[in-house]
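Note that ligands are numbered from 1 as they come in the structure, with each ligand's atoms numbered from 1 the same way. It should be emphasised that the depicted structure is a prediction, and the values quoted were computed from it without experimental measurement.
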Amino acid sequence: MSASSACFKPPCCPNPDCPFHCCTEGWRFKRIGFFARLAAPHRIQRYQCRHCRRSFSTQTFSTSYWLRRPELLQPLFFRLLACSGFRQIAREFAVSPTTILGQSARLGRHCLLYQHRHRPRAAPAEPLVLDGFESFEFSQYHPCHFHVVVGQESHFFYCFTDSELRRKGRMTAHQRDRRRWLEQHFGRPDPRSIELEVAQALQLVVPPGSLTELHSDDHPAYPRALNGLAEHRFRHRVTPGSAPRTAANALFPVNLLDLLIRHGSANHKRETIAFSKRRQSAIERLTVLQVWRNFIKPFSERRRNSLTPAERLGLCKWRLRVAEVLKERLLPSQVRLPERLERYYRREVPTRRIPHGARHRLRYAD
Ligand SMILES: [Zn+2]
């Protein structure tokens, strides 16, 4: 993950305001010695841009930039997919849970950029399948949906957005009183959230003007979401949620993804104490699963020559390893996320019960 300085060539000037940040033709930099650090490798080469004089190092371009325990990043990637809670992981690595939280958010941000950089650019050449994955944040009084969009043939996990929902379903008299009290103090989620966020998810995947076949269940908000997208054309096919969830079901790709999310993510298990305290954190964990699902996990783990969804779409020529995904740090100033996803990057998804949750400040192009 950390670049060895002997054969390392800085890919660009890391200063987003420098003209050599995006175009490196004619760029000149010089070596300005080393600095020592506790983690291996202990000697880090430093450089300086000859144009803007910004200094940087081999670490500036590493995903483990500024981490005290850089060696944890890769094993943590696997643990986040292996149904461990943050505190369980912290115990195993003998670090504080805060270290795991910080590195997990770092992995989430990296995967958000990675997914966006390597996504298909053209309109999907296959039908899409849409579904709402149910979970909750902070407590069961705050349910949420992740609206996932999956390729029907490739199983590529194109995109997701999130909605906070009002608690519904069967409740005792005490639970109803509690919900009323919470809504008076913390407000109520937008009742149109599903409609708006589903529209956002589809806009992130489908360019305007193209005709796309879309499969979903019979959720009443979906037709309203599609009607709101005037520049898009969808051929909407509805499969009732009550239909058997077999491989023959048109929604099979999304049902399978739901199972994988539930199977690998401790925060989405039923009756768990590892649920996400903040939706933002669940989003970061889901982006790690998204990159793993698309670029690393073969469709069948039993068959050796099985392809990943990204290979099926021709986005990659081989199945990636975690080390390859984490090889190079991606800079948000170069990947340029759409505004909706930039909110995820900056940790701007609010949790009503935690009004001052930590956000991500951009420091030195991070
Ligand atoms: Zn520069």
Under the ring pair (Phe, Tyr, Trp, His ring centres under 6.0 Å) definition, can you give me all pairs with a residue in residues 167-199, not counting sequence neighbours?
Trp181-His185
side-chain hydrogen bond (donor to acceptor under 3.5 Å, both in side chains): pairs with one or both residues in residues 76-100, sequence neighbours excluded
Arg79-Glu92, Ser96-Thr99
Taking only residues at least two apart or on different chains, which pairs with a member in residues 230-241 satisfy side-chain hydrogen bond (donor to acceptor under 3.5 Å, both in side chains)?
Ser216-His236
May I ask you to check whether Phe295 and Tyr114 place their ring centres under 6.0 Å from each other?
yes
Should the pair Lys327-Glu324 be classified as a salt bridge under the 4.0 Å nitrogen-to-oxygen rule?
no
Within less than 2.8 Å of the Zn ion (ligand 1), the count of protein N, O or S atoms comes to 4
Intermediate values then yes/no, salt bridge (charged side-chain N to carboxylate O under 4.0 Å, His left out), Glu197 and Arg340
CA-CA 10 Å; Glu197 292 297 329; Arg340 181 67 187 77; 2.8 Å; yes
